[in-house]
Amino acid sequence: MGDLMFRDGLLKGKRILVTGGGTGLGEVMSEAYAQLGATVYICGRRAGVLDETAKRISGETGAKVKGIACDIRVAEAVDDMVAQIWADGGALTGLVNNAAGNFISRTKDLSPRGFNAIADIVFRGSFYVTLACGKRWIEGGNKGSVISILTTWVWNGGPFTVPSAMSKAGLNVMTKSLATEWGPHGIRLNAIAPGPFPTKGAWERLSPQSANRGESRSGIPMGRNGEMHELANLAVFLMGDGCDYLTGQTIAIDGALHLASGGNFAQLSQLGDADWEKIRNEVKSANEKDRAKRSV
Ligand code: HXC
Ligand code: NAP
């Protein structure tokens with residue numbers, strides 16, 4: 001992951017749930033929290049992936065890292081998971097809404113089920129987890145900090161990723177709304193809008209071979225993709241006690257990509273029917289491989 005810019009033990013005593021923490025950016029943030037002394041819970045639908053990640057991070061950091069198989073689309077399963085965490089050592093102090101689903105597709109090719117496959121995870125699922133934690137924090141008089149992982153599309157739209165852009169935009173408004181509603185309870189909500197941080201999950205579905213056939217989607221003023229430790233540093237900063245007055249904010253970390261060139265998939269307008277057919281098949285095979293590993 002690279003070096004963190006914080007002192008050892010900064011997050012000692014913190015108890016943080018990272019949804020989708022078994023892979024990609026969730027794994028990176030979980031590792032950073034554990035490295036700084038927090039107890040970390042990670043959830044996802046693939047128990048094997050969670051176990052492997054939890055074992056690796058706790059082995060390397062000495063922190064308690066626990067994987068819980070949970071499909072955040074199922075409200076009752078989310079409430080059971082959060083109850084289990086509260087029973088395992090008390091209230092959480094932080095939540096990272098990181099789990100998501102996404103794929104590129106022309107919107108006209110989406111079925112209602114295709115739309116819901118994304119919206120049920122991102123829009124509804126993230127709300128269920130936020131609610132399950134928030135109501136317990138309010139009831140117990142505990143402070144809490146929520147970070148939602150969004151995209152810069154919440155500001156300028158996401159052509160060819162419309163269900164994701166709509167769902168993330170909903171979470172952006174949730175962040176602002178609950179910062180006000182739950183502020184009096186000492187609960188903070190912020191969000192991070194990352195630019196391109198290459199992960200297997202995102203790249204297989206958003207940047208498959210056929211989508212890159214044309215013009216490359218560079219145009220990043222900083223001239224490179226994000227590095228994992230940069231995202232981790234921001235996720236630690238927002239979770240730390242030192243910025244208790246910071247709430248309701250969505251911070252982009254994208255090397256100024258969205259300011260310079262949109263940061264979305266506008267350039268895919270050049271693709272034709274045959275290209276989209278190929279992309280769909282590539283995304284499908286990535287989905288099938290991951291689905292075969294699901295345990296819930
Ligand atoms: C059109 C598609 C499609 C595609 C699936 N569908 N793939 N439609 N184009 N490429 C449609 C199917 O046809 C079906 O509708 C419906 O979606 C459900 O498909 P399933 O395969 O049954 O879905 P499911 O098993 O629920 O899988 C959900 C998923 C999958 C979202 C499709 O990709 C997933 O689980 N992803 C989790 C990981 C992930 O996506 N990570 C990337 C996050 S990255 P019909 O009507 O045909 O039955 C991210 C990055 C943002 O967000 C920014 C980067 C710069
Ligand atoms: P990823 O590795 O595919 O992460 C997605 C995670 O969400 C997986 O661990 C997945 O695990 C979990 N998940 C999906 N559906 C779930 C469900 N129903 N219940 C529980 N967990 C579920 O991709 P990533 O790139 O790290 O993405 C992480 C976050 O960053 C996402 O919110 C994404 O939108 C955001 N983001 C990423 C980038 C980037 O460049 N990578 C840029 C902007 C924003 P299971 O499949 O095992 O459930």
Side-chain angles (χ1 to χ4, degrees), residues 17-30 42-50 53 67-74 77-78 81 96-122 124-126 128-129 147-154 158 160-165 167-168 171 191-208 211 217 220 225-226 228 231 235 252-254 257-258 263-265 276-296:
L17 168 62
V18 180
T19 67
T23 63
L25 305 188
E27 180 174 1
V28 167
M29 293 185 280
S30 299
I42 57 179
C43 76
R45 293 164 299 178
R46 290 166 293 172
V49 168
L50 294 170
T53 299
I68 304 176
C70 175
D71 184 340
I72 65 164
R73 294 175 296 187
V74 183
V78 167
M81 168 181 66
V96 183
N97 286 317
N98 164 82
N102 204 349
F103 51 75
I104 48 168
S105 170
R106 292 187 291 201
T107 302
K108 77 176 183 63
D109 298 337
L110 290 174
S111 65
R113 266 174 51 82
F115 177 84
N116 289 334
I118 307 298
D120 285 351
I121 304 172
V122 181
R124 295 193 177 77
S126 304
Y128 299 154
V129 188
I147 300 172
S148 296
I149 308 301
L150 308 182
T151 62
T152 56
W153 312 329
V154 303
F160 306 103
T161 52
V162 165
S164 166
S167 300
K168 299 277 193 187
L171 297 184
I192 297 175
F197 285 79
T199 64
K200 183 174 178 292
W203 258 237
E204 281 177 348
R205 294 171 175 90
L206 295 167
S207 200
R217 71 174 276 267
I220 304 169
N225 288 332
M228 294 304 178
L231 179 88
I253 176 164
D254 74 339
L257 173 63
H258 78 287
N264 58 28
F265 289 98
W276 281 110
E277 182 65 30
K278 255 196 235 153
I279 290 172
R280 191 175 178 125
N281 289 331
E282 285 166 28
V283 172
K284 201 170 159 197
S285 89
N287 284 344
E288 274 161 12
K289 267 190 236 134
D290 283 358
R291 194 178 313 113
K293 293 192 197 151
R294 284 185 205 160
S295 42
V296 288

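A quick note: this is a predicted structure, and the numbers were derived from the prediction, not measured. Counting convention: from 1, in listed order, for ligands and their atoms alike.
Residues Ile147 and Met29 are not in side-chain contact: their nearest non-hydrogen atoms beyond the backbone lie 4.5 Å or more apart. Side chains of Leu110 and Phe103 form a contact here, defined as non-hydrogen atoms less than 4.5 Å apart. Here the side chains of Leu50 and Ile68 are not in contact, with every heavy-atom distance at 4.5 Å or above. By the 4.5 Å heavy-atom criterion applied to side chains, Phe160 and Thr107 are not counted as neighbours. With contacts defined as side-chain heavy-atom distances shorter than 4.5 Å, the pair Ile253/Leu231 qualifies.
Of all the atoms in ligand 1, the ones that sit under 4.0 Å from a non-hydrogen atom of Trp153 are 51 (C), 53 (C). For ligand 1, the atoms lying closer than 4.0 Å to a non-hydrogen atom of Gly114 are 11 (C), 15 (O), 16 (C), 17 (O). Taking every non-hydrogen atom of Gly101 and a distance limit under 4.0 Å, the qualifying atoms of ligand 1 come out as 31 (C), 36 (N), 37 (C), 39 (C), 40 (O). Contact atoms of ligand 1 toward Ile118: 31 (C) (distance under 4.0 Å to a heavy atom of the residue). Counting atoms of ligand 1 from 1 in the listed order, those under 4.0 Å from a heavy atom of Ala100 are 37 (C), 38 (C), 39 (C), 40 (O), 41 (N). Within ligand 1, the atoms closer than 4.0 Å to a non-hydrogen atom of Val283 are 10 (N), numbered from 1 in the order shown.
Counting only non-hydrogen atoms, the option in Gly158, Pro208, Gly263, Ser111 that gets closest to atom 47 (O) of ligand 1 is Ser111. The option with the heavy atom closest to atom 24 (P) of ligand 1, from among Lys284, Arg294, Lys200, is Arg294. Distances from atom 44 (S) of ligand 1 to the heavy atoms of Ala202, Ser105, Pro112 put Ala202 nearest. In this structure, of Arg280, Lys168, Glu288, the residue bringing a heavy atom nearest to atom 1 (C) of ligand 1 is Arg280. Taking each of Arg73, Arg46, Arg291 in turn, the one with a heavy atom nearest to atom 26 (O) of ligand 1 proves to be Arg73.
Neither the backbone nor the side chain of Trp276 has a heavy atom within less than 4.0 Å of ligand 1. Counting heavy atoms closer than 4.0 Å to ligand 1, residue Asn287 contributes side-chain atoms (C-beta onward) but none from N, CA, C or O. When non-hydrogen atoms are compared, ligand 1 lies under 4.0 Å from the side chain of Leu206 (C-beta onward) but not from its backbone. At a heavy-atom cutoff of 4.0 Å, ligand 1 is contacted by no atom of Thr199, backbone or side chain.
If you look at ligand 2, the protein residues with a non-hydrogen atom under 4.0 Å away are Gly20, Thr23, Gly24, Leu25, Gly44, Arg45, Arg46, Cys70, Asp71, Ile72, Arg73, Asn98, Ala99, Ala100, Ile121, Ile149, Leu150, Thr151, Lys168, Pro194, Gly195, Pro196, Phe197, Thr199, Gly201, Ala202, Trp203.
Between Arg45 and ligand 1, at least one N/O pair is under 3.5 Å apart. The distance criterion of under 3.5 Å between nitrogen or oxygen atoms is met by Arg113 with respect to ligand 1. When only interatomic distances are considered, the shortest N/O to N/O separation between Arg205 and ligand 1 falls below 3.5 Å.
Without hydrogens or angle criteria, Asn98 side chain to Val18 main chain gives no donor-acceptor distance under 3.5 Å. Between the side chain of Arg294 and the backbone N or O of Asp290, no donor-acceptor pair lies under 3.5 Å. Remark: side-chain polar atoms of Lys168 are not paired, donor with acceptor, to backbone N or O of Val122 under 3.5 angstrom. At least one donor-acceptor pair closer than 3.5 Å links the side chain of Thr199 to the backbone N or O of Ala202.
By the ring-ring contact (aromatic ring centres under 6.0 Å, His included) test, Tyr128 pairs with no residue at all, sequence neighbours left out.
Side chain to side chain, Ser126 and Asn97 fail the donor-acceptor criterion of an N or O pair below 3.5 Å.
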- Query: After noting the C-alpha distance and the side-chain angles of Lys200 and Glu204, does the key distance pass the salt bridge (charged side-chain N to carboxylate O under 4.0 Å, His left out) rule?
  - Reply: CA-CA 6 Å; Lys200 183 174 178 292; Glu204 281 177 348; 3.1 Å; yes
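Distances shorter than 4.0 angstrom do not occur between any heavy atom of Phe115 and any atom of ligand 1.
To the nearest 0.5 Å, the span separating CE on Met81 from OG1 on Thr19 amounts to 7.5 Å. Taking CZ of Arg106 as the start and CZ of Phe265 as the end, the distance is 16.0 Å to the nearest 0.5 Å.
In summary, of the residues considered (Ile72, Val78, Asp71), a side-chain contact (heavy atoms from CB on, under 4.5 Å) with Cys43 occurs for Ile72 alone.
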